[in-house]
Enquirer: 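Starting off with a structure, shown below.
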Number of protein chains: 4
Amino acid sequence: MCPRNVERDQRVRDERIQLILDSAITVISTKGFGSTSISDIAKAAGISIGTMYHYFRSKDEIFAEVLKRGQLDYGKRVLELAEEQGTPALIKLQDFAAGWLANPINWAYTIMLQTARTTDTVPLEIRQAVTDRFTANLQPLARIMEDGQQEGTIVQGDPLKLAFYLVSMIQGLTLQQAPGFEIPISIEVDRLIGLFQA
Amino acid sequence: MCPRNVERDQRVRDERIQLILDSAITVISTKGFGSTSISDIAKAAGISIGTMYHYFRSKDEIFAEVLKRGQLDYGKRVLELAEEQGTPALIKLQDFAAGWLANPINWAYTIMLQTARTTDTVPLEIRQAVTDRFTANLQPLARIMEDGQQEGTIVQGDPLKLAFYLVSMIQGLTLQQAPGFEIPISIEVDRLIGLFQA
Amino acid sequence: MCPRNVERDQRVRDERIQLILDSAITVISTKGFGSTSISDIAKAAGISIGTMYHYFRSKDEIFAEVLKRGQLDYGKRVLELAEEQGTPALIKLQDFAAGWLANPINWAYTIMLQTARTTDTVPLEIRQAVTDRFTANLQPLARIMEDGQQEGTIVQGDPLKLAFYLVSMIQGLTLQQAPGFEIPISIEVDRLIGLFQA
Amino acid sequence: MCPRNVERDQRVRDERIQLILDSAITVISTKGFGSTSISDIAKAAGISIGTMYHYFRSKDEIFAEVLKRGQLDYGKRVLELAEEQGTPALIKLQDFAAGWLANPINWAYTIMLQTARTTDTVPLEIRQAVTDRFTANLQPLARIMEDGQQEGTIVQGDPLKLAFYLVSMIQGLTLQQAPGFEIPISIEVDRLIGLFQA
DNA sequence: TATGAATGAGCGTTCATTCAT
DNA sequence: TATGAATGAACGCTCATTCAT
């Protein structure tokens, strides 16, 4: 009657999904998004192709899920940063930029973010969701900008646009940093954030 | 049967190559980089697949060549801008940014630039060449930054890094603008360049 | 933990098997034979795939069993018809034809009957059994034909062959009627049976 | 300028297509429709899978084309038969039935005809075309029936329906004859056609 | 030089079947 | 007995590349 432990099954299932997504982002950030096949991910996760399809309906769904988790995690982190009390806005921005640029996996997310909408085969609703999350994630940064403007430490102007410019710059720099490129120019985070200083 | 004229042959050859490269960038910026096949380009150019392989050894070579021409053209334009006499540095930067963002083909170049090194199959020497050209193309912008600093209109700091930051931001924004994304935030070029104002 | 009752167990087992077979023919007649998977049937029966394999060794065995039951049921019905007293042979034939053509599930059985031998993977013994049952099921119809000949209402000739021709025609018409085909010619059962009238 | 012989190319192309279609029907009639894969057909035709897709867009297109040719050839033959002068209708019907049943490939066509509409993946327009050709091909037979009725040799009734019944019966018998089934009942064509005799 | 037919490795995906729990 | 996660062979299909003409 009770041959399975439902709770444990669900836990195993969640772990498997996490394992697949982790393997996926690892492979993508190593091999590049376009060259990553389902079988690459399966191999990295140490499971069979069939099992991949047990947990995900399609390649696109895997990629969409990887991207979604990345965006949600990022959103949570940047929200916490914005709500932090007592830290000056400029310091928050520096922490943000330094944190992002320090994580070598972020260039993969950036590529995926851009690819998600470039590829025709990605369903429109997914593109929309990706874009919405991106836009939503700008809000906490805009709030930091606004706080800084009230402190008098951040330049004037629409805070949302400032956040948009900052994120774009950091994404651009992330891509420049991608493995293999080796642009021989180091990034000085404080100098970079200094551009937004009043 | 066919009277040969070496000079004319060479001209025809150059025209063919130019035609192929033009068709390539057109198709890429329409269909997206990853979805563009050799036969797509051949069809757009109105020639056969076999002929493509008379002029280029491989798909990667075509893409590398497209990218190379794009970088060289870009380099020429930005060099002319730097050497222009009598124009204030800030105006030059605004012209540069506005010109780049206005041309919808540039997001394709940006994607290709990043993809060139992401893809394992791209030979190391090509990656190196792409990176070198990218770095070289930063020099004229750095010169404009330096001029502006002497004018007192541009913020202090390593001019090359300032150029690097600016280009990264503009590349980031280019990707945000790519068709389909529709980030509902408009870009104000003067405000953006204002970040670099002293 | 579980008090066992051999008799009850057997009954549960039989019910399960019946449930699976019923679900199978339902799904097959809806989705088509070729597109019906084991998991489709399991879902329709509300049981797991694993349970399916407790009761049947393979997909082919399920299909063979579905077909077998269909043939046995059909055989019983046609035998009862033949043994019916007091009904004229022509009326019996009309009832037979009308009854068959009225049941939309029969085209699925017809397809399965033909597929059973077409598919290489079906074991020879099963093909033989299917054929044997088909031939056996012709006998009652042949008897009706013979009765009719004695009544003087059915055309002369080998009764078995007449039965064979009739069944073939009705199977052919069944397939024409299959959903989606829409052959715009209605079937008049009495006219059809009239062909066998003396 | 003229490196190819366009005319000859077209001829080669037509031959290849014919070769593929011939191989397809051969394989289908041997292995069965459902079990025939693209690679089976390619192997039988002695060409590669890629070449198959050079001539046909998809598996469905190949099957649709095989079926179409079969139907068109059949239509031509039955039309010639109907227009034949001086042959009694009954003889024509006997020739028709005997000719159809003698050709072992016809059971494959019959299966394909039925499968074409059973399978959901077959586009609606193809199903319609198949049905239309089937219905059109009934007309010549209906004409023969009508001629026979005027001769006084064929039973009364709607000639189109008589043709429909005859074709259905013959298709049914064709399936019974399919290799492997071995129904131990021989078919007597004259007896069978006799059912339609006045 | 120009062509496009031919190739085949590799892709994403399905599904009958097995088996530890 | 009951489960469903795991497997992997096989499918339809794509496309960069080759080569005889």
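Throughout, a chain's letter reflects where its sequence line sits, starting with A, and its residues are numbered from 1. Keep in mind that the numbers below use all heavy atoms, side chains included, and drop hydrogens, waters and symmetry copies. Values in this document were obtained by computation on a predicted structure and should not be read as measured data.
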Enquirer: Mind calculating the distance between NZ (B/Lys43) and P (E/dA2) to the nearest angstrom?
Expert: 20 Å

Enquirer: Ignoring hydrogens and geometry beyond distance, is a side-chain donor-acceptor pair present between C/Ser48 and C/Thr51 at under 3.5 Å?
Expert: yes

Enquirer: Produce a footprint string for nucleotides 7-14 of chain F: one letter per nucleotide, 5' end first; B if the base is under 4.0 Å from any protein heavy atom, S if only the sugar-phosphate is, - if neither.
Expert: BB--SSBB

Enquirer: Once you round it to whole Å, what is the distance between C1' of E/dT13 and CZ of A/Phe63?
Expert: 14 Å

Enquirer: Whole angstroms only, please: what is the CD-C1' distance between A/Gln10 and F/dA5?
Expert: 13 Å

Enquirer: Give the dot-bracket line for DNA chain F from 5' end to 3' end: parentheses for intra-strand Watson-Crick or G-U pairs under 3.5 Å, square brackets for crossings, | for inter-strand pairing, dots for unpaired.
Expert: .||||||||||||||||||||

Enquirer: I'd like to check D/Asp60 versus D/Ile126 (side-chain heavy atoms, cut-off strictly below 4.5 Å). Are they in contact?
Expert: no

Enquirer: Reckon C/Tyr55 touches a base, only the sugar-phosphate, or nothing at all at heavy-atom distances under 4.0 Å?
Expert: sugar-phosphate

Enquirer: Is any side-chain heavy atom of B/Thr36 less than 4.5 Å from a side-chain heavy atom of B/Thr30?
Expert: no

Enquirer: Here's a test of your reading of the structure: between A/Val12 and C/Arg13, which maps to the more 5' nucleotide of DNA chain F?
Expert: C/Arg13

Enquirer: At their closest point, which heavy atom of C/Val27 faces which heavy atom of C/Ile41, and how far apart are they?
Expert: CG2-CA, 4.5 Å

Enquirer: Between B/Gln71 and B/Leu113, is any pair of side-chain heavy atoms under 4.5 Å apart?
Expert: yes

Enquirer: Using whole Å, what does the distance between atom C1' of nucleotide E/dG4 and atom CZ of D/Arg11 come to?
Expert: 17 Å

Enquirer: Whether the D/Gln18 and D/Asp22 side chains hold a donor-acceptor pair (N or O, under 3.5 Å, no angle test) is what I'd like checked.
Expert: yes

Enquirer: In whole angstrom, give the distance that lies between atom CD of C/Glu61 and atom C1' of E/dA16.
Expert: 14 Å

Enquirer: Salt bridge check, B/Glu7 against B/Arg11: does any charged N sit closer than 4.0 Å to a carboxylate O?
Expert: no

Enquirer: Using modelled atom types only, decide if a donor and an acceptor are shared between the side chain of C/Ser29 and the backbone of C/Thr26 within a distance under 3.5 Å.
Expert: yes

